[in-house]
Amino acid sequence: MDYLKGLNDAQHEAVTTIEGPLMVLAGAGSGKTRVLTMRIAHLITNGVSPFNILALTFTNKAAREMKDRIAKVVGDSDAKSIWMGTFHSVFARILRSEAHYLGFPSNFTIYDTQDALNVMKKVLKELNIDADLYKPKKVLARISAYKNNLITVKAYMNNPELLEADERANMKHLGVIYAKYVDACFRNGAMDFDDLLLRTNELLTRFPEVLAKYQDRFRYILVDEYQDTNHSQYLIVKALASKFENICVVGDDAQSIYSFRGANIYNILNFKKDYPDAVTVSLEQNYRSTQNIVDAANAVISRNVQQFKKNVFSDNEIGEKIKVYRALSDADEAGFVAGNIWEQHNSQQRKFSDFAILYRTNAQTRAFEDALRKKNIPYRVYGGLSFYQRKEVKDLVAYLRLLVNENDNEALTRIINYPTRGIGETTQNKLIVFADSQGISVSKVLDNLGFYAPQLGLNNGVLTKLADFWAMIKAFEVMLKTDDAYTVAMEVAKRSGLIKFLKDDQTPEGISRVENVQELLNSMRGFIDEQQQLEDGDPSLSNFLGNIALSTDQDNNKDDDQEKVSLMTIHLSKGLEFPVVHLVGLEENLFPSFMSSSTREELEEERRLFYVALTRTEKQAFFTYAVSRFQWGKITDAEPSRFLSEVNSEYIELINPATESRFVNHSGLKSNIFDDEPSVPKSFRKLDPKKKISKASDALSLPQSKNLKPVSTAKIINPSGASSQDIEVGDKVRHDRFGIGEVVFLDGTDPQNIKAKVIFQNEGEKNLILKFAKLVKI
DNA sequence: TACTCCCAGATTTAA
DNA sequence: TCTGGGAGTA
């Protein structure tokens, strides 16, 4: 029981209480991941089959890391059979195998926010509803809220309160829109993010035999970040756990920061009500941060009314005070941060990867990128426009989606005339209207173009173009039956004219677009190789597409060994830690955001966000704010954030005391710490709005290849596998699944990523990544 | 049908 | 500042 050593009493209890409901309240930095990991290991060591364990985490990355760590205790194969992943990915997997119950194809498409928005725009157009009154985004947000609360179209229509509320909000057509949108998704064979949860609920409630099946399978359920579950997720967990009630939830109410997407803090606050017998364990010792940081964070969070009482403390060194910098502008702020990082890197031998810059909104990144680049400091921006959301990538993906699911109208309309092939809007509209009138999908019309041609009212030229296009798609589909996804995707990129079209654009942006497409293909190759080496791997195109739809930016930074400063929103930083944290843009209306300072609840969430940000810090935190900021193309004045004044002055040290005290706290009191002497900041930089920053083309500071790794649901790194030194071309090797073969080619210099081409006696030629393939030299 | 140009509007956080 | 949509032109 080695793994139990080194746990404190509370951790020990959390790990070893394995039967019955358990709630672990884990303060920031209290070793939560460790507890979860060891608990699973403990379950397995005590005879629970890994097959019976379900662990739901917040990111795929968290799941992967946990699996790796569990594997070290119980071994690879046991760790592999645990179902572990995000709600969305785990339930997408279940939905795929049970899709027929709901009338969906098992290879249904997953729509991301952008896809959903496009569908919504079409719906509004079709209904002839003014998109100015019904802003597509707003409408979607409302529908999303309904879905997350299990309010289906039918339930909505039968709920006078909701109808009335929407009527008051000048949205009386919402029901019709909702119905039409759901219908459109269904006909496209697609689910949006919320559907993955809603449909799972539907599956489990409508089909008791399915529920029973999964209840029996998942006898032990663990949920990480429970404070961030929404009602829909809550119900799924509750249903699955109701038979055995071996449910362990881990969370920290002080870190609930996702109410905007339906997270319901009461799920954790009311856990005791749901399970009166539940054991509660509080992990209160923070192993991550200095005392000063922990105390400051506690001081702020204690202002929230809504919370569990707990006493998070640190036994670490007291540590340095939080340093506060008052900047004159956003550029000045960024300059200070970059200078500070440079200075500490040199004088204290800190690695660049020790630093994080955390901000409230993605829009704030630009100034920091600028400043870091000027000093040649390597950095990586997380979040923002992720790789898979780039237009050129989505375009190729749309072709692939169409091959897998012909009903995916969203994909079809995206590429039917891209690259342009003379199938204009008028033609497309005729097709859509006709298909609708016949109650069939556009793809069906294209399937029988000759038959329907007379009724379409299109001239022969256009008909030919349509026929050619469809013949091309069909050819790809045929290819997919025999060739692997990568080969087909290559062919699609070439034959569709996509690559050629992009290559015609020789601007730096154009070139980077081509590179992105290439990178997508590479990542596909990697995905397939990886899947082929997993026991229950699935190298199909459909699996690849499903994976990228659910991948997040945090998940893509595989092996981010690099020496780089991390830039990200506070939301993304949850679960991470850094020796030095810069929390920037601490201004009223920015943080707390102007969108969420109206009610106490909203403000408390912003405060929790602040708490999360500060508790990412191990050693030293810096706060910065600017008195004016370049925003929306204008310079706007800003006031320091109220959160600054909520940190007791004893934890704070001012770097440049303010010229005037605009630093008031919002209970009306002047904060005593900011009334000092005036000073002139050294580095006031003129703003230069004309300066263009080429986004993706700056290879030095933004290496593309880091972003792109697809997420596999069960990537297991095998540390004991043969390393690159062991294997040479010409070696005879044995592989677990493929048997005996000979290495004919090695590719790659990065030891983490060497690929070997091996010809197996029975299985033929395979491309394997050495890291994963447990090749044994014979 | 395709492409360009101009103007308006938006910007929180994200699976 | 950046994006998207609409209008106008080739």
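Each chain gets a letter, A, B and so on, in the order the sequences are listed, and its residues count up from 1.
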Taking only nitrogen or oxygen atoms into account, show me every contact under 3.5 Å that the protein makes with nucleotides 1-5 of chain B, one pair per line with its distance.
from	atom 1	to	atom 2	distance (Å)
B/dT1	OP1	A/T427	OG1	2.5
B/dT1	OP2	A/T426	OG1	2.3
B/dA2	OP1	A/G422	N	3.1
B/dA2	OP2	A/N417	ND2	3.2

Please produce a list of atom pairs where a protein N or O lies less than 3.5 Å from an N or O of nucleotides 7-12 of chain B.
from	atom 1	to	atom 2	distance (Å)
B/dT11	OP1	A/K137	NZ	3.3
B/dT11	N3	A/W632	NE1	3.2
B/dT11	O4	A/W632	NE1	3.3
B/dT12	O2	A/R360	NH1	3.0
B/dT12	O2	A/R360	NH2	2.2

| message | Give me the distance, rounded to whole Å, that separates C/dG4 from B/dT13 when you measure between the P atoms they each carry. | response | 16 Å
| Quick check: does any side chain N or O of A/E605 sit under 3.5 Å from a backbone N or O of A/E602, one acting as donor and the other as acceptor? | no
| Hey, are A/R401 and A/E410 close enough for a salt bridge, meaning a charged N less than 4.0 Å from a carboxylate O? | no
| Between B/dT13 atom P and A/L567 atom CG, what is the distance in whole Å? | 15 Å
| Do we get A/R380 above A/Y382's six-membered ring, with its NZ or CZ under 6.0 Å from the centre and within 45° of the axis? | yes
| request: Measure the distance from CG on A/D192 to P on B/dA14 and round it to the nearest whole Å. | output: 18 Å
| Between A/R366 and A/D370, does at least one N-O distance fall below 4.0 Å, as a salt bridge requires? | no
| query | Looking at A/L412, A/T413, A/V433, A/V442, which hits side-chain contact (heavy atoms from CB on, under 4.5 Å) with A/Q428? | reply | A/T413
Shorter than 3.5 Å, N or O on both sides, protein versus nucleotides 5-10 of chain C: list them out with atom names.
from	atom 1	to	atom 2	distance (Å)
C/dG5	OP1	A/K121	NZ	2.8

| request: Given side-chain contact (heavy atoms from CB on, under 4.5 Å), test A/L609 with A/F643 step by step and report yes or no. | output: CA-CA 11 Å; A/L609 203 48; A/F643 297 141; over 6 Å; no
| field | Candidates A/F58, A/Y359, A/Y258 - the one meeting ring-ring contact (aromatic ring centres under 6.0 Å, His included) with A/H571 | value | A/Y258
| task | Provide, to the nearest angstrom, the distance between the CD atom belonging to A/Q255 and the C1' atom belonging to B/dT13. | result | 16 Å
| Considering the options A/N188, A/D192, A/D194, which one meets the side-chain hydrogen bond (donor to acceptor under 3.5 Å, both in side chains) requirement together with A/Y111? | A/N188
| request: Grab the CG-P distance between A/N118 and C/dG4 for me, whole Å please. | output: 10 Å
| query | Under the criterion salt bridge (Lys or Arg N to Asp or Glu O under 4.0 Å), which of A/E588, A/E639, A/E333 is the partner of A/R629? | reply | A/E333
| said: For A/D253 versus A/I265, what's the shortest heavy-atom pair and its separation? | reply: O-CD1, 3.8 Å
| message | Rounding to an integer number of Å, can you tell me how far A/Y258 OH sits from B/dA15 P? | response | 6 Å
| said: Less than 6.0 angstrom separating the ring centers of A/F591 and A/Y625, yes or no? | reply: no
